There are 2 protein chains.
Amino acid sequence: MEKIHPQYEARANILKAMGHPTRLFIIEALDEKERCVGELTEKIGSDVSTVSKHLSVLKNAGLVRDEKRGTSIFYSLCCPCVMDFIGCIETVLKTNAEKQMDIARCCGAKIPEA
Amino acid sequence: MEKIHPQYEARANILKAMGHPTRLFIIEALDEKERCVGELTEKIGSDVSTVSKHLSVLKNAGLVRDEKRGTSIFYSLCCPCVMDFIGCIETVLKTNAEKQMDIARCCGAKIPEA
DNA sequence: TGTATATTTGGCAATATAGCCAAATATACA
DNA sequence: TGTATATTTGGCTATATTGCCAAATATACA
């Protein structure tokens, strides 16, 4: 890996931070509006410490920022452009699903065209 | 994590597959043109088995496809739209760098404005 | 000041990932 | 057919990640 430029490392860190279902859920929730830890925890349904750690991963990557206000800490999305990734990701998933169906058809399954 | 929809899992898998410097390097190289394992291995400089495994991660995620031709197996990018992520990722990184400089300035360091 | 509330941190066990070597596989072609 | 070449797989160790609980921290407010 020595030939790989550190720039790839930095970029990969951002994608890695996004590469977890809970964190993706958080990102989407924050794209709608800023939210505090408790609110996210309730939506997600796991331990608050787990959610807190996911938030710290996202914050460390620079994807979210936090701001203390009143009795809570509100998290918000730094760069909403990350939500634009979803369209392309869905394209990949759709392509995968089509490939799967082609394979199934090859095996004799009767599946109508998309 | 029970409340998280499986769709988030699927999306996260794609991002996770992209979240490694070597794999990001491979994606970029394949965006330019299709390449065989040996060629990628030489560019990357790690063991060919390591590169092969990275390629299988990418293939499994549906990000690349492989095609045997002649004596080699050529890999190519399934959805070039993933390269569009880079612009936003660079925005995140730039924002992070600016934040860092603000912090440095707060500590008394003399750094010119960007 | 004392207490309840919100959040983070430490620590642990389970699991996943990365990278290397050696070995297996596949196959073009002499 | 036999051999060299390209790629994948198995297996191992080291390291990283995840998620929970318990404990620490911070702070608004009675």
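In what follows, every chain begins at residue 1, and chains take the letters A, B, ... in the order their sequences are listed. The model shown is predicted, which means the values in this text are computed figures rather than measured ones. Any value given below was found using the heavy atoms of this structure, including those in side chains, with hydrogens, waters and symmetry copies removed.
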Select base, sugar-phosphate, or nothing to describe what [X] touches, counting heavy atoms under 4.0 Å on all strands.
X	value
A:Arg69	nothing
B:Ser72	sugar-phosphate
A:Lys59	nothing
B:Phe74	nothing

Reading nucleotides 21-30 of chain C 5' to 3', which nucleotides get B (base under 4.0 Å from a protein heavy atom), which S (sugar-phosphate only), which -? BB----SS--
If the condition is salt bridge (charged side-chain N to carboxylate O under 4.0 Å, His left out), which residues does [X] pass it with, not counting sequence neighbours?
X	answer
A:Lys68	none
B:Arg23	none
B:Asp84	none
B:Glu67	B:Arg69

Contacts of A:Tyr75 meeting ring-ring contact (aromatic ring centres under 6.0 Å, His included) (sequence neighbours excluded), chain-then-number -> none
Test of understanding: with side-chain contact (heavy atoms from CB on, under 4.5 Å), list the residues that count as partners of B:Ser52, not counting sequence neighbours. none
In terms of side-chain heavy atoms of B:Lys16, which of C:dT9, D:dT7, C:dT17 is nearest? C:dT17
Just compare C:dT8, C:dA18, D:dT7 and give me whichever is closest to any side-chain atom of B:His20. C:dA18
Are there over 12 heavy-atom neighbours, none belonging to B:Lys99, within less than 6.0 Å of that residue's NZ? yes
Taking only side-chain nitrogens and oxygens of B:Tyr75, does any of them come within less than 4.0 Å of OP1 or OP2 of D:dT8? yes
Does a side-chain N or O of B:His54 approach OP1 or OP2 of C:dT17 to a distance below 4.0 Å, or not? no
If a pair satisfies disulfide bond (SG atoms under 2.5 Å apart) and one of its residues is in residues 34-101 of chain A, list it, with sequence neighbours excluded. A:Cys81-B:Cys88, A:Cys88-B:Cys81
By nearest heavy atom, map B:Val48 and A:Val57 onto DNA chain D; which one lands nearer the 5' end? B:Val48
For [X] and [N], what is the distance between atoms [atom1] and [atom2] respectively, to the nearest whole Å?
X	N	atom1	atom2	value
A:Asn60	D:dA16	CG	P	15 Å
B:Ile73	D:dT8	CD1	C1'	8 Å
A:Asn13	D:dT17	CG	C1'	13 Å
B:Ile44	C:dG19	CD1	C1'	13 Å
B:Leu40	D:dA6	CG	P	14 Å
A:Leu24	D:dT18	CG	P	13 Å
B:Arg23	C:dG19	CZ	P	8 Å

Between B:Phe25 and B:Val57, is there a shared hydrophobic cluster once you connect ILVMFWY residues whose side-chain heavy atoms come closer than 4.5 Å? no
Report the stems of DNA chain D as range-with-range entries sorted by first number; a stem here is at least three consecutive pairs, Watson-Crick or G-U wobble, both distances under 3.5 Å, and write none if there are none. C:1-30 with D:1-30
Residues A:Leu77 and A:Arg65: closest non-hydrogen pair is O-NH2, 3.4 Å
